[in-house]
Every structure is written in structure tokens, then in C-alpha cells.
Amino acid sequence: MERIAVIDFETTGITPGAGCRATEVAVVMLEQGRIVERYQSLMNAGVPVPAFVAGLTGITTAMLRSAPPVDRVMNEVAEFVGDTPLLAHNAAFDQKFWDYELSRIGRSRSQSFACSLLLSRRLLPAAPNHKLGTLTRWAGLPDTGTAHRAMADAEMAANLLQHLVGELRGTHGVQRLDHAFLCKLQKVPAAKVREALLKLR
DNA sequence: TGCCAGGCCCTCTTTAGGGCCTT
């Protein structure tokens, strides 16, 4: 499969533009099933981290005071990603913050997002739930470090993508597998995935 | 003033409701 950029944001909340900003970003570049490059940075957008989120991520307001400014980090990560196709776990969330933070520095997204949450619901229906951490443990994937930090979560999502690719190739016999295929598959109604895979492979 | 996400997915559905998932 072609090069894919797996991205994860940590933020101060759920909704960008309602006071919520990105606090950390990580991207791992996957090529032929291997991580070949990494980018990770905290970023200071000048907003406080709510106590609940600091407890969840371990990222505090104090840590962000000494982090590089958000504009510099977003420019760097945008250059790093370029027009490489993207993937995230619950991509609707990361896409929202990617688009929002890029718009603040006068940039915009050119590529589409694939979503390992939507794909997991379709390809791993027997999993107890479809949280990134649960899927990682359930599928026996490597421990990547502290969950809810950007790099650990990006690596987990990358490992999960490789597991999903294995399912598609092994269990479902899909031959032509690329980012566009993943984007198409994640839009197939969950109840019709088996039928769709027979046609798509 | 008071409220505060939103798209996906299932079902005791479709003139709707509630849980999931991300921080």
C-alpha cells in the first residue's frame, strides 16, 4: 500500500473554535507496513488545559508554556505531511482540529482522511468495543507507551491499520488495497460490508 | 438567557432515541 500518514491530536477539549485548541500532534509515516518517519511536538496555543483533560492526557498548562508556538508546530507538521493521504482513529475528530488549526495559519487540507474507527467497526465486529486501546489489546498489538499521548496513540493507530490490512488481505482476499479503497469501505453501511467486500476485492 | 459536538450505528426504527468514540 502507498505511503499513509497516521495522525493523532491531543487537545484541550472536543470542539475547536469553542475555546478548544490542539496541545500536541504526532504523525507516523507508514510505508509497506513499516513506520519509516515520525513527527511529534507539544504546541502552545495560549489556552489552559482543563483539569479533566490534564488528568486524561498528562499534558498540563505548565508543560505548554515552554512548548513551541502553535503556528510554528502546525507549519512544521503540515510540511512533514504534505499531500500524503491521512488516517486517524475517529478521523472526524482529528480532521476537525487539523482543518481548524491549518485555517488559523492560512493553510488548508488537500487530502482525504481514512478512519480506523469506522474500518474497525466493519472489519472487527467481534471486538468488545472499538476504542483504540481496547482494539490494541484485543488484537494483541504492541504496547506503544502511554495512552492518550499523541505519539503512543498514532503508533497504536498505525499498528491497528496494519492489522486491518491483514484482515482485508487474509480473511477477505482483497488484492488491490490503497487509501482510496479504505475511504470507500468506511462509507459502506456496516450491515452491508460482507456483501460489499465480495464485490470490491 | 441558556445552551453548548456530531456523525455513526443499532433497534423495542423510519413521524426516534440512545450509546459509541475522539479530548
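Every chain is numbered from 1, with letters handed out A, B, ... down the list of sequences.
Checked by atom type and distance alone, the side chain of R122(A) pairs as donor or acceptor with a backbone atom of Q186(A) at under 3.5 Å.
One atom, CD of Q95(A), and another, C1' of dG6(B), lie 12 Å apart when rounded to the nearest Å. Following rounding to the nearest Å, H130(A) (NE2) and dG19(B) (P) show an atom-to-atom distance of 18 Å. The nearest whole Å value for the distance from the CG atom in D8(A) to the C1' atom in dC21(B) is 13 Å. Across the protein-nucleic acid pair, K96(A) atom NZ and dC21(B) atom P stand 16 Å apart, rounded to whole Å. Nucleotide dT22(B) holds its P atom 6 Å from the CG atom of L132(A), rounded to whole Å. Whole-Å rounding puts the F97(A) CZ to dT23(B) P distance at 10 Å. Taking atom NZ on K131(A) and atom P on dT23(B), their separation rounds to 11 Å, with Å as the unit. The distance between atom CZ of F93(A) and atom P of dA5(B), rounded to the nearest whole Å, is 13 Å.
Electrostatic pairing of E79(A) and R107(A) counts as a salt bridge here, judged by a charged N lying under 4.0 Å from a carboxylate O.
Remark: of the listed residues T11(A), V73(A), D8(A), V73(A) is the sole one forming a side chain to side chain contact (heavy atoms under 4.5 Å, CB included) with V25(A).
By the neighbour-count criterion of 12 heavy atoms within 6.0 Å, atom NZ of K131(A) is sparsely surrounded, having that number or fewer from other residues, nucleotides or ligands.
Nucleotides of DNA chain B nearest to I14(A) and F9(A) differ in position, and the one nearer the 5' end is that of I14(A).
Nucleotides dC3(B) and dC20(B) have their C1' atoms positioned 23 Å apart, rounded to a whole Å. With C1' as the reference atom, dG19(B) and dC12(B) are 15 Å apart, rounded to whole Å. When the C1' atom is used for both dC9(B) and dT13(B), the distance is 12 Å, rounded to whole Å. Remark: the separation of the C1' atoms in dT1(B) and dG18(B) is 28 Å, to the nearest Å. Comparing dC4(B) with dT11(B), their C1' atoms sit 28 Å apart, to the nearest whole Å.
For DNA chain B, the residues of residues 180-193 of chain A within the heavy-atom distance limit of 4.0 Å (strictly under) are A190(A), sorted by number. Contacts between residues 134-159 of chain A and DNA chain B, defined by a heavy-atom separation below 4.0 Å, involve H148(A), D153(A), listed by number. For the segment residues 110-128 of chain A, the set of residues with a heavy atom within less than 4.0 Å of an atom of DNA chain B comprises L117(A), L118(A), R121(A), R122(A), in numerical order.
A pairwise comparison of heavy atoms in D153(A) and L132(A) identifies O-CD2, 3.5 Å as the closest pair.
Using a 3.5 Å distance cut-off with no hydrogens or angles, the side chains of H130(A) and S120(A) do not pair a donor with an acceptor. Using modelled atom types and a 3.5 Å distance limit, the side chains of S110(A) and D83(A) yield no donor-acceptor pair.
Residue contacts for T23(A): at a heavy-atom cut-off of 4.0 Å it reaches no nucleic acid atom on any strand shown.
Of the candidate nucleotides dT23(B), dA5(B), dG6(B), dT23(B) has the atom nearest to the side chain of F52(A).
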